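Reading through the structure tokens given below for one structure.
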Amino acid sequence: MLDSAAAAPAEPGLASPAAALEAALVALRPLEATDYRAAALATIEECRRIARLKLGPPAPAPPLAVVAGGTNVGKTTVANALSGAVLGRPTPLARGTKAAVLYVSQAAADAFRRGAFLPGYERRDLGEPAEANEEALAGTLLVLPHPPGAAALDAIALADSPDIDSVFGKNRRVAWDLLYAADALVFVASEEKYNDEVCVRFLAQAARHGKRIFAVLNKSAAPEAAEDFRRQVVPRATAGAPPDAPPAEVFTIPWLGPGAQAGAAFAPVRAALAGLAEDGEEAVRRARAGAARALEEELRPALETLRREAELLEHYRAEAREIAAAAARSYRGSLATLPILEFDRVLRLLADALRVPVLDDFYARLREAGRPIGGFVRRALGLADPQDGLKRRIAARDQQDVAAARVILGEALGAVRRLADRYPPDLANALRAALLPAAAAERLHDLDGPYAASLGREADAWTDGVLRDLHAKLRTHRALVAVIKTLKGILRAGAAATAIALTGHLGLEDLAIAPAIDLLVKTGVEAGIDRAYFARKRDAFYDARAAVFERAVLERVEALALARLGGTRPEAIAHAAEAARALALAEGRGR
Amino acid sequence: VSGRALVAEVPRPAAAAAPYGQVLDALDTWIGRAARLFPGVARAEPDLRAALAQVRARGERLEAPLFVLLAGGTGAGKSTLLNALAGGEPIAATSAIRPTTTALTCYYHLESELAIPGELLDGARRAPHRRAALRDKVILDAPDFDSSVRENEARHRRALAAADLVVLVATPEKYAGADLFALLEEHRRGRSFVFVLNRLDQGVAPEVAADFRRELERAGFAQPTVLVLSALAALRAKRGDPEPGPQGDFPRLEALIEEELTRARAREIKRLNLDELVLRLLERAAEHVPPDLADRVARWRLSAAAIAGEAHAAVGESLARGVVEDEALAREVRGRIATGYGGLFGFYQALHWAVRALGGRGLAGAAVGRVLAPPQGGSAAGEEPLRAPPPGEDPLPGAVLLAADRIDDIAVELAFARPTPPLDAASALRLVDRARAAARAELTAALDRAHAPASGSRRVESFLYNAPPLAVLGYALVTWCLALARGEIIGASWFLAAGLAAVTLLATAGMLADRIAARRAARVVDSLARAAREIAEREVQGPLMARLAEAAGEVQGAAKALADLREEAARLRRPGSISSPPATA
């Protein structure tokens with residue numbers, strides 16, 4: 001029968017729009033600890049339920065009319081009277097009905113027994129009418145099929161809903177789920193409850209969702225109350241219905257005393273339901289379109305909240321990263337005066353490269369031979385080994401550098417920690433909650449062994465690079481090296497020859513001339529290298545060091561403030577909005 | 001503490017007016033104080049103060065008439081019940097239109113008009129009477145709380161806040177409403193309740209009354225009294241209807257209000273309500289104070305000690321490094337020790353070290369103190385939140401400031417406030433400067449000690465170093481004199497040789513003394529470094545922890561003050577209150 005609804009099927013191979021929306025909604029997660037989280041989550045969950053319960057792939061089934069209302073207004077009595085069967089046993093106790101009872105023709109019963117209708121509900125056939133009152137069966141769908149022709153209302157399914165307002169909270173959930181699934185609502189009110197906030201809200205929601213509304217004032221004794229219900233309360237509550245929806249129909253069932261049945265008074269209601277059966281396809285189509293439209297509308301403010309949240313979070317993330325970057329910059333600035341002690345190794349290599357073959361070998365041998373004596377003298381005098389001295393100085397420099405870095409890191413982490421203060425209060429709470437607890441964050445302040453080790457690695461890599469580079473340069477500039485070596489040799493030999501010529505013999509003092517010349521050349525070359533070559537390498541050394549720090553500070557800022565930060569990605573929000581829009585369009589197309 | 005239904009009790013003698021005056025005054029002060037210490041209290045301060053004002057007002061009304069409120073959902077029959085209680089007079093409008101009542105109706109004795117708070121009478125329908133039986137009672141008929149006219153709910157709540165005794169009117173349709181029980185949960189403390197199940201005229205099944213009672217018990221009311229009645233029948237009876245129908249428990253309700261609620265009994269009810277309200281208020285205040293405060297403070301102290309330790313270690317290391325790594329200082333210490341001898345050897349050493357100093361490698365007095373001065377380049381106090389110490393700037397005050405901040409952050413996380421005022425940059429700089437000054441003083445003292453040739457062993461050393469050259473020179477002189485006496489003249493080469501021998505001996509001794517001085521200097525430098533670390537601990541960790549101790553003391557003091565208040569309130573409350581066991585204080 002539902003050909004028109006089936007005429008707008010999902011494209012083959014793709015999930016239905018409702019399933020797509022459901023999937024999109026799952027991705028929406030407001031931040032923890034915000035004021036709006038609970039409300040937004042509740043809205044999203046309701047929308048998810050609407051999509052699941054109402055907007056799944058269309059299945060051929062008769063229109064569903066749900067009898068709902070406040071506790072003890074006589075829903076079960078009305079349902080029994082309308083169906084002519086016993087759907088449940090009316091009880092004077094409030095919140096009597098606990099299960100959803102569905103009265104449907106044998107032919108259509110299977111459609112409702114399947115999971116497509118009220119998915120997630122346990123379902124079984126109704127045995128005893130009193131079963132609907134059993135607390136253990138709360139949240140169960142009880143199906144009561146009737147043979148064709150046996151019921152006055154063959155072409156519709158009629159459901160008796162639990163109450164919407166009692167302390168038994170599970171009833172509320174079942175009632176709202178039934179409402180979402182319904183195509184028409186038989187809203188039962190009593191003289192006492194016809195203007196209760198909870199009931200009126202329920203009615204208003206049903207109207208907004210495009211359900212056909214049959215409002216029944218049960219147990220009516222005072223005509224002025226019936227008039228108020230008909231002229232004021234119902235029209236006001238159903239004002240939000242889609243423009244093409246038929247107006248709500250209002251019926252009055254008179255109060256005939258305790259236990260008395262006003263059977264005849266139900267005839268107009270039954271007639272109206274028969275009208276619904278005739279107009280079934282249209283009612284189903286309208287309810288689907290209304291639900292999709294209402295879903296989109298309800299989802300909009302929640303999505304807007306999430307969008308605002310996402311924007312602020314993006315801003316926060318950017319600010320936190322900017323703080324890290326600023327810390328890295330200021331660290332880089334502080335490096336300008338850091339001595340590059342690794343340069344000594346480069347200079348040693350240079351000295352080796354500029355060795356004059358025979359003469360320098362002679363001195364090197366001499367130094368080699370003298371080394372044990374030198375060592376003995378050094379130990380005797382308590383002097384440090386120059387090699388040890390360099391290592392120690394490098395270690396001390398790094399230690400000092402790490403101490404300065406730790407201060408900058410600490411300031412950055414502190415700034416990130418206080419960043420939340422600049423955001424709107426509800427979000428600020430969430431941001432603070434997402435921060436790593438201060439006690440746990442303590443270890444983030446530590447620039448421990450690994451950090452110092454990576455500084456050392458960077459320095460070694462730099463030294464190796466410079467050495468390699470220098471090697472290459474020395475290889476390519478062989479002529480220059482040869483010239484310097486020759487000059488050095490000539491200087492040295494010349495000086496020695498001059499000394500011998502002056503003194504007439506070769507004395508010990510003449511041996512000292514060579515190192516003096518060496519020193520002269522070395523100083524000159526070093527100065528030249530320092531200005532012409534090393535100045536360019538200096539920045540590379542500092543940059544590498546700053547990069548290590550930047551990595552460390554960014555990693556720590558992430559761990560402190562961003563790692564535990566949830567929130568929804570903007571694409572997910574846009575995706576959900578689009579899915580809701582697509583669903584509303586798809587359902588509205590049949591119009 | 002459970003809600004309390006009205007049950008007959010032995011009236012007790014009246015206590016002094018406003019019995020909790022002092023407790024409430026103290027609580028007022030406490031809220032102001034604790035708002036600075038506990039973020040939770042700061043957030044709840046407006047609520048707590050509003051509740052406090054309400055409790056005060058209730059405390060002052062102990063002698064005023066009893067406020068009986070007819071509460072319930074729309075259409076429950078509150079107005080009809082009021083009219084019945086008023087002897088059938090049409091005091092409050094009744095109708096089938098929902099909701100009927102949109103303003104509070106106040107039914108009171110003419111003489112007690114002045115005792116009714118203005119905010120209740122404002123906009124209320126007034127119905128004064130002269131019935132002696134209701135002399136000390138004000139009966140209020142509130143608008144509903146559950147209709148779609150949402151303004152009514154606010155009016156209902158306002159009336160509930162002022163009520164001493166609530167007659168809650170329910171019906172078979174409305175006795176199990178979720179919103180009704182939410183409202184009861186919110187207001188059940190500090191008020192006495194009588195529950196009425198109306199509409200006996202339309203039939204009230206016995207199991208409904210039992211069900212209602214069960215729900216009430218589940219909601220925390222111990223043995224609630226549920227009166228099943230028909231307000232409509234009662235009203236008809238009052239108006240002389242010959243066949244009014246069954247009134248149910250209405251006479252009981254009427255008797256309760258008119259007769260049982262004597263002045264003393266009313267006072268008793270108010271006092272019990274007040275007990276509960278004060279207790280509840282103090283409980284609410286206590287909710288914002290962490291129950292495991294002592295644990296938290298201990299945890300704070302531990303973490304803070306670790307952080308402060310880190311800061312003082314940084315400062316101490318920096319000072320110690322200043323001492324250990326400064327080669328000029330090491331040379332100076334060595335020089336001072338090496339020149340601390342008398343006699344010829346002392347002269348030789350002084351000369352030797354003076355020559356070394358000329359070469360830039362000896363005593364460099366200017367070096368002392370330089371190593372312990374902050375690097376040039378300005379102070380660490382900066383306005384910008386994120387700023388690296390510029391090149392050459394002193395990182396130590398920043399480190400101290402940071403430590404203080406981190407300690408304060410942990411306090412906030414443990415749900416008490418950061419100490420006020422926060423440590424500022426100037427104080428941090430002062431701390432570091434003090435540590436540096438102390439280290440410098442220590443250094444100067446150590447240098448003075450090093451130079452002083454005071455001890456016995458130094459004298460022996462001095463003698464040993466001086467003796468050989470002096471002996472050689474003495475021998476040369478004596479030999480020369482003896483030769484002269486014999487008439488021989490020994491040439492200058494003799495003295496030259498003796499002089500050379502003496503200088504050689506002096507140089508040898510000098511080398512030995514220098515080595516010993518180097519060892520001693522190393523020890524002095526080590527002890528200086530140790531002293532520097534101790535100084536840093538004293539000057540940095542000490543003040544940081546003292547700051548913490550002060551804040552912790554204040555926090556714990558506030559918690560203690562509240563506990564004392566609760567104890568005092570428990571002592572003041574009437575023995576035999578139903579809602580909780582008697583105080584053991």
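Chain A is the first sequence line, chain B the second, and so forth, proteins listed ahead of strands; every chain is numbered from 1. From a predicted model like this one, the values you see are computed outputs, not experimental measurements.
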B:I410 versus chain A, the contacting section by heavy-atom distance below 4.5 Å
both

Do you know which of A:A222, A:A405, A:G410, A:A221 has the most heavy-atom pairs under 4.5 Å to chain B?
A:G410

Identify which of B:S95, B:A182, B:P99, B:S147 forms the greatest number of heavy-atom pairs closer than 4.5 Å to chain A.
B:S147

Among A:A94, A:G169, A:S190, which has the most heavy-atom pairs under 4.5 Å with chain B?
A:A94

Give me the atom names and distance for the closest heavy-atom approach of B:N198 to B:A231.
OD1-N, 2.9 Å

Segment of B:I307 engaging chain A (4.5 angstrom heavy-atom cut-off)
side chain

Does A:Y194 use its side chain to pair, donor to acceptor, with the backbone of B:R98 at less than 3.5 Å?
yes

Looking at A:R417, A:R406, A:R95, A:E227, which has the largest count of heavy-atom pairs under 4.5 Å with chain B?
A:R95

So, the part of B:A205 with a heavy atom under 4.5 Å from chain A: the answer is side chain

Looking at chain A, which one of B:A399, B:G177, B:A210 has the largest number of heavy-atom pairs inside 4.5 Å, strictly under?
B:G177

Among A:V200, A:D228, A:L93, single out the residue with the greatest number of heavy-atom pairs under 4.5 Å to chain B.
A:L93

So do the side chains of A:K75 and A:I164 get within less than 4.5 Å of each other, counting heavy atoms only?
no

Distance-only, no hydrogens or angles: does the A:K193 side chain make a donor-acceptor pair with backbone N or O of A:C199 under 3.5 Å?
no

Quick check on B:R299 against chain A: is it the side chain, the backbone, both or neither that has a heavy atom closer than 4.5 Å?
neither

Name the region of B:E215, side chain, backbone, both or neither, that has any atom closer than 4.5 Å to a heavy atom of chain A.
side chain

If I measure from the heavy atoms of chain B, does A:D165 come under 4.5 Å with its side chain, its backbone, both, or neither?
backbone

Most chain B-contacting option - heavy-atom pairs closer than 4.5 Å, from A:S166, A:A225, A:G414, A:A226:
A:S166

At a heavy-atom separation under 4.5 Å, does A:R329 approach chain B through its side chain, its backbone, both, or neither?
neither

What residue in A:K219, A:Q232, A:R201, A:R236 has the most heavy-atom pairs under 4.5 Å with chain B?
A:K219

For the residue pair A:S220 / A:T252, report whether a side-chain donor-acceptor contact shorter than 3.5 Å exists.
no

Contact check, side chains of A:I340 and A:Y542, non-hydrogen atoms, under 4.5 Å:
yes

Tell me which of these, B:S148, B:G75, B:A76, B:G73, has more heavy-atom pairs under 4.5 Å with chain A than the rest.
B:S148

Minimum heavy-atom distance between B:F181 and B:A176, given as atom pair plus value:
CE1-CA, 4.1 Å

Out of A:D163, A:T91, A:T76, which one pairs with A:T97 under the side chain to side chain donor-acceptor pair (under 3.5 Å) rule?
A:T76

Is chain A contacted by the side chain of B:R150, its backbone, both, or neither, given a heavy-atom distance below 4.5 Å?
side chain

A:R443 atom CZ: more than 12 heavy-atom contacts under 6.0 Å
no

Assess the residue pair B:S303 and A:E442 against the criterion (side chain to side chain donor-acceptor pair (under 3.5 Å)); give the C-alpha distance rounded to whole Å, side-chain angles, the decisive distance to 0.1 Å, and a yes or no.
CA-CA 9 Å; B:S303 308; A:E442 271 314 303; over 6 Å; no

Indicate yes or no for a side-chain donor-acceptor contact from A:N72 to the backbone of B:P172 under 3.5 Å, with no hydrogens or angles considered.
yes

For chain A, find which of B:E207, B:R406, B:K174, B:R199 contributes the most heavy-atom pairs closer than 4.5 angstrom.
B:R406

